[in-house]
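Working notes, beginning with the structure itself.
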Amino acid sequence: MIKLVYNGKEKSYDDWIVPAKVLADLQVVDVSSVVAVELDGKVYDLMRKIPPGAYNLSLITADSEKGLEVMRHSCAHVMAEAIKQLFPGTKLGVGPTIENGFYYDVLPPTQIRDEHLPKIEEEMRRLVQKNSRFERIEKPRDEALDIAKKAGEDFKVEIINQIDPKDSLSFYKDGDFMDLCRGPHIPSTSWIKAFKLTKISGAYWKGDEKNVMLTRIYGIAFDTEDKLKKHFELLEKAKEIDHRKLGMKLDIFSSDLNIGPGLTLWHPNGAVIKYLIEKFWYDLHLNCDYQIVSTPHIATEDLFKISGHLENYKDFMYGGFETDNRTYRLKPMNCPFHITIYRSTNRSYKELPIRYAEMGTVYRYEKGGVMHGLMRVRGFTIDDAHVFVAPDQVEEEVNRIYDLTLNFLGRFGFKGLETQLSTRPKEFIGTIEEWNSAEKSLENVLKGRGVKYGVELGGGAFYGPKISVYIKDSLGRSWQCSTIQLDFNLPQRFKLQYADKTNTQSRPIIIHRALMGSVERFIGVLIEHYEGKFPYWLAPVQVKVLTVGKDAEEYAKEVQKILKDNSVRVKLDSSDDRIGGKIRVAIDEKVPVIAVLGVKESQERSANLRIRGSEKQTVVKLSELIQFLSSVNS
RNA sequence: GCCAGGGUAGCUCAAUGGCAGAGCACCGCUUUCGUAAAGCGGGGGUUGUGGGUUCAAUUCCCAUCCUUGGCUCCA
């Protein structure tokens with residue numbers, strides 16, 4: 001017995017039935033764009049037999065997100081088929097849809113390169129035109145294994161062996177091509193309307209470096225050509241605001257062969273931005289009862305032996321160098337240093353929480369291939385702090401830190417932050433009770449605030465659970481930003497103590513936390529977030545003064561001095577360009593305020609202002625200029 | 001680290017087994033101008049680096065460095 005409810009209408013069947021027939025029976029109008037259906041949230045092909053039961057039925061249309069997903073998955077199949085045609089003997093890995101398209105991991109007998117993509121596309125177009133139906137074929141496990149083995153699909157064999165024996169196995173067949181797949185798929189290949197293969201890369205089987213490397217071919221598909229075109233236009237736009245491009249254009253930062261990969265040179269413009277952010281950070285922390293500390297960039301290996309870094313983090317640490325018969329290392333983290341300050345004297349419960357904060361510059365040896373502009377570098381500054389608390393202070397302190405985080409990030413106008421709670425991993429130190437109580441504290445804080453958060457089970461560090469906040473860049477990639485991490489490990493390793501009320505020596509818990517994570521990455525995200533148009537308070541040059549003709553130069557200098565005396569970051573352009581040219585340059589530099597000064601302004605003792613984003617001219621009296629600027633909020 | 005692209009003037013990009021080019025930027029001169037580029041002239045290159053093939057290499061080959069995208073979003 002099958003019972004289906006759609007749009008208030010109900011339909012029952014005694015025998016087997018497929019969704020396509022149901023839609024016909026229900027006389028659903030405009031089924032022409034329906035690629036699949038959803039039965040109680042589970043996606044079914046139009047021609048898949050519905051198992052007995054009662055379901056709510058809803059439609060999936062080609063232009064919907066789910067419809068696109070189904071179609072892209074089918075497109076991946078067609079691509080795999082095309083590749084097998086052009087590269088006989090190719091073994092197939094997996095071919096899922098991804099956020100922005102699809103890929104298929106394959107192991108071809110000969111290398112597939114960029115130049116082959118158009119040929120594969122051509123073959124795909126041929127297959128799409130054949131309009132082969134996608135047919136679902138369910139097979140018992142033994143038979144499925146047999147099919148995969150005979151086809152020489154070693155990876156599929158591995159996949160089948162991994163699948164829960166209780167689950168049924170299915171293949172999908174379109175034309176002469178059959179592939180192990182759980183589906184669902186579009187009814188037939190001609191539903192693929194617009195697609196393009198975008199790139200090739202290597203990808204380890206199951207993402208494990210120890211496994212064989214497969215060739216991953218990426219593609220994107222849409223239900224209309226127009227959407228495909230728009231997709232690429234969007235990518236173009238994203239390129240325009242890429243922090244690496246803007247970083248160079250706006251003269252913010254660079255790197256250099258002779259300095260080394262992953263090491264950043266902050267140009268004057270970038271260094272001002274960095275300074276302003278750090279200044280805001282310091283002020284905020286001093287206000288919130290943090291104590292600023294400052295520690296060296298290097299330390300002897302002895303320190304990192306105690307901290308465990310040499311044992312657990314060695315691969316990421318820059319090599320040691322000898323001085324006076326002792327080996328020194330660049331610091332990859334600030335914690336051992338702050339802890340050493342804590343240890344410099346006896347501590348009492350009355351002092352706790354102790355909050356040490358530092359803009360601590362660290363160096364980590366990142367693998368060659370993972371570096372990315374400012375987002376992933378080898379030398380960076382953590383806006384680090386370590387808070388030493390008694391166990392019963394954890395929750396309140398985490399709450400304070402969360403407040404501080406929102407307060408800080410709010411200044412930059414970030415929306416769409418994502419929060420994640422990471423819990424006890426398989427390997428951990430400390431007791432289960434400690435962990436449970438620590439996780440509970442973090443959870444209480446998030447719940448108490450009504451924060452939406454994801455849980456990453458087992459994602460915590462071996463020494464404690466954590467809360468992470470992610471921000472998104474222009475391409476939608478998430479970057480870890482704030483992190484609040486509990487630590488039972490280092491207090492043990494360094495034998496930290498404080499005298500409690502009964503004068504017993506107790507062990508504090510350390511909370512590691514950073515609001516930006518890495519200042520470099522944060523500024524990278526900011527550049528893209530603002531599209532290079534830094535708000536007035538952060539702009540390297542806040543006001544650019546342009547002269548019209550030589551006669552205004554004296555007056556312009558006077559205005560410049562007034563602005564400078566009032567701590568406005570001002571730049572004067574008195575070159576002999578025409579005013580149109582100077583404005584063009586200033587706009588390119590994305591300066592928030594342009595002040596045009598000519599003879600007229602000089603006589604009136606005024607300034608003709610252009611605020612970024614508008615062509616409107618605003619005339620302000622010189623005596624009111626500073627007042628006016630303080631209201632600029634762009 | 002691994003796979004696939006790329007590296008030509010400060011930037012964006014052209015070209016070719018036979019003298020390496022343009023625009024912008026820079027410098028000089030002319031112009032002194034009113035809201036998104038005034039005109040003319042000039043300097044600037046061991047084509048990432050090292051090696052090989054060749055009469056001849058920026059081009060072809062090898063190595064190396066840097067850089068871009070990617071390296072479980074699982075049938």
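Convention: sequence-line order gives letters A, B, ...; per-chain numbering from 1. Computed from a prediction, not measured in an experiment: that's the story for all the values here.
- The side-chain tip of R424(A) does not point at the ring of F462(A) from less than 6.0 angstrom away and within 45° of straight on.
- Nucleotides A57(B) and A15(B) are separated by 15 Å at their C1' atoms, to the nearest Å.
- Here the separation of C26(B) from C11(B), taken at their C1' atoms, is 12 Å to the nearest Å.
- At the heavy-atom level, Y218(A) lies under 4.0 Å from the strands shown only through sugar-phosphate atoms.
- Base engagement by V370(A) is indicated by at least one non-hydrogen atom pair under 4.0 Å involving a base atom.
- Looking at heavy atoms from C-beta onward, I192(A) lies in side-chain contact with V78(A) at the 4.5 angstrom threshold.
- Comparing A75(B), G1(B), G70(B) by their closest approach to the side chain of S201(A) singles out G70(B).
- Counting heavy atoms from C-beta outward, R364(A) and R376(A) have side chains that stay 4.5 Å or more apart.
- A donor and an acceptor atom sit less than 3.5 Å apart, one in the side chain of E601(A) and one in the base of G34(B).
- Nucleotide U35(B) forms a pair with no other nucleotide shown, judged by Watson-Crick or G-U wobble geometry with both contacts under 3.5 Å.
- Considering only side-chain atoms of M248(A), the nucleotide from G34(B), A36(B), U12(B) that sits closest is U12(B).
- In this structure, V596(A) reaches the bases: a heavy-atom distance under 4.0 Å links it to at least one base atom across the strands shown.
- Side chain N608(A) to base U35(B): a donor-acceptor pair is found below 3.5 Å.
- For the pair D114(A) and G373(A), nearest-nucleotide mapping onto RNA chain B gives the more 5' position to D114(A).
- Comparing the same atom, P, in U49(B) and in C66(B) gives a spacing of 15 Å after rounding to whole Å.
- Applying the 4.0 Å criterion to OP1 and OP2 of U35(B), one finds that R584(A) has every side-chain N and O outside that range.
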Check step by step if side-chain hydrogen bond (donor to acceptor under 3.5 Å, both in side chains) holds for T547(A) and K582(A). CA-CA 9 Å; T547(A) 53; K582(A) 293 189 201 182; 3.0 Å; yes
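- Of the candidate nucleotides G69(B), C66(B), A75(B), G69(B) has the atom nearest to the side chain of H372(A).
- Of the candidate nucleotides C71(B), C2(B), C33(B), C71(B) has the atom lying nearest to any side-chain atom of R216(A).
- With rounding to whole Å, H243(A) atom NE2 is found 9 Å from U68(B) atom P.
- Atom P of nucleotide C73(B) and atom OH of Y470(A) are separated by 13 Å, given to the nearest angstrom.
- Base engagement by G598(A) is indicated by at least one non-hydrogen atom pair under 4.0 Å involving a base atom.
- Atom pair L92(A):CG and C74(B):C1' shows a separation of 15 Å (rounding to whole Å applied).
- Nucleotides G52(B) and G44(B), compared at atom C1', are 31 Å apart to the nearest Å.
- Rounded to whole Å, atom P of C73(B) lies 19 Å from atom CD1 of I217(A).
- R113(A) comes within contact range of the sugar-phosphate backbone alone, with a heavy-atom separation under 4.0 Å but no base atom that close.
- Across all strands shown, G42(B) is found opposite C26(B) as a Watson-Crick or G-U wobble partner, with both distances under 3.5 Å.
- Using a 4.0 Å heavy-atom cutoff across all strands shown, L257(A) reaches sugar-phosphate atoms only and no base atom.
- Contacts of K156(A) with the nucleic acid, taken as non-hydrogen atoms under 4.0 Å apart, involve only primed sugar atoms and P, OP1 or OP2.
- The residue K582(A) sits apart from the nucleic acid: no heavy atom pair falls under 4.0 Å.
- Remark: the Y204(A) side chain and the D105(A) side chain contain no N/O donor-acceptor pair separated by less than 3.5 Å.
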Between H185(A) and S74(A), does a side-chain hydrogen bond (donor to acceptor under 3.5 Å, both in side chains) hold up when you go through it step by step? CA-CA 6 Å; H185(A) 280 284; S74(A) 302; 2.7 Å; yes
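- Among U67(B), C71(B), C73(B), the nucleotide with an atom closest to any side-chain atom of E99(A) is C73(B).
- Contact check, R244(A) against U67(B): no side-chain N or O comes under 4.0 Å of OP1 or OP2.
- Distance, N258(A) CG to U49(B) C1': 12 Å, rounded to whole Å.
- A donor N or O paired with an acceptor N or O is found under 3.5 Å between the base of U32(B) and the side-chain atoms of K550(A).
- To the nearest whole angstrom, the two P atoms, one in A63(B) and one in G6(B), are 16 Å apart.
- Between K245(A) atom NZ and U67(B) atom C1' there is a gap of 16 Å when expressed in whole angstrom units.
- The cationic atom of R136(A) (NZ for Lys, CZ for Arg) does not lie both less than 6.0 Å from the six-membered ring centre of Y172(A) and within 45° of the ring axis.
- With a cut-off of 3.5 Å on both Watson-Crick or G-U wobble distances, the partner of C74(B) is given as none.
- For I587(A), the side-chain atoms get nearest to A36(B) when compared with the rest of A36(B), G5(B), C3(B).
- Taking the six-membered ring where tryptophan is involved, the planes of F222(A) and H231(A) are tilted, since the angle between them lies from 30° to 60°.
- A residue-by-residue look at I579(A) and L169(A) shows that I579(A) has its nearest nucleotide of RNA chain B further toward the 5' end.
- K367(A) comes within 4.0 angstrom of a nucleotide base, judged by non-hydrogen atoms across all strands.
- Residue-level contact check: D576(A) touches the bases, meaning some heavy atom is under 4.0 Å from a base atom.
- U47(B) and A9(B) have their C1' atoms separated by 10 Å, with the value rounded to a whole Å.
- Residues I112(A) and I83(A) meet the side-chain proximity criterion, which asks for heavy atoms closer than 4.5 Å.
- Listed nucleotides C2(B), C74(B), G69(B) differ in distance to K199(A); the shortest reach to its side chain belongs to G69(B).
- Rounded to the nearest Å, the gap between the P atom of U72(B) and that of U64(B) is 25 Å.
- With hydrogens and angles ignored, no donor-acceptor pair closer than 3.5 Å exists between the side chain of Y365(A) and the base of G1(B).
- D105(A) has its CG atom 10 Å from the C1' atom of G70(B), to the nearest Å.
- Across G43(B) and G34(B), the matching C1' atoms stand 33 Å from one another, rounded to whole Å.
- Of the nucleotides present, none pairs with U16(B) by Watson-Crick or G-U wobble criteria with both distances under 3.5 Å.
- Regarding D577(A), its CG atom lies at a distance of 16 Å from the P atom of U30(B), rounded to whole Å.
- Listed candidates were G70(B), A75(B), A38(B). Nearest to the side chain of R578(A) is A38(B).
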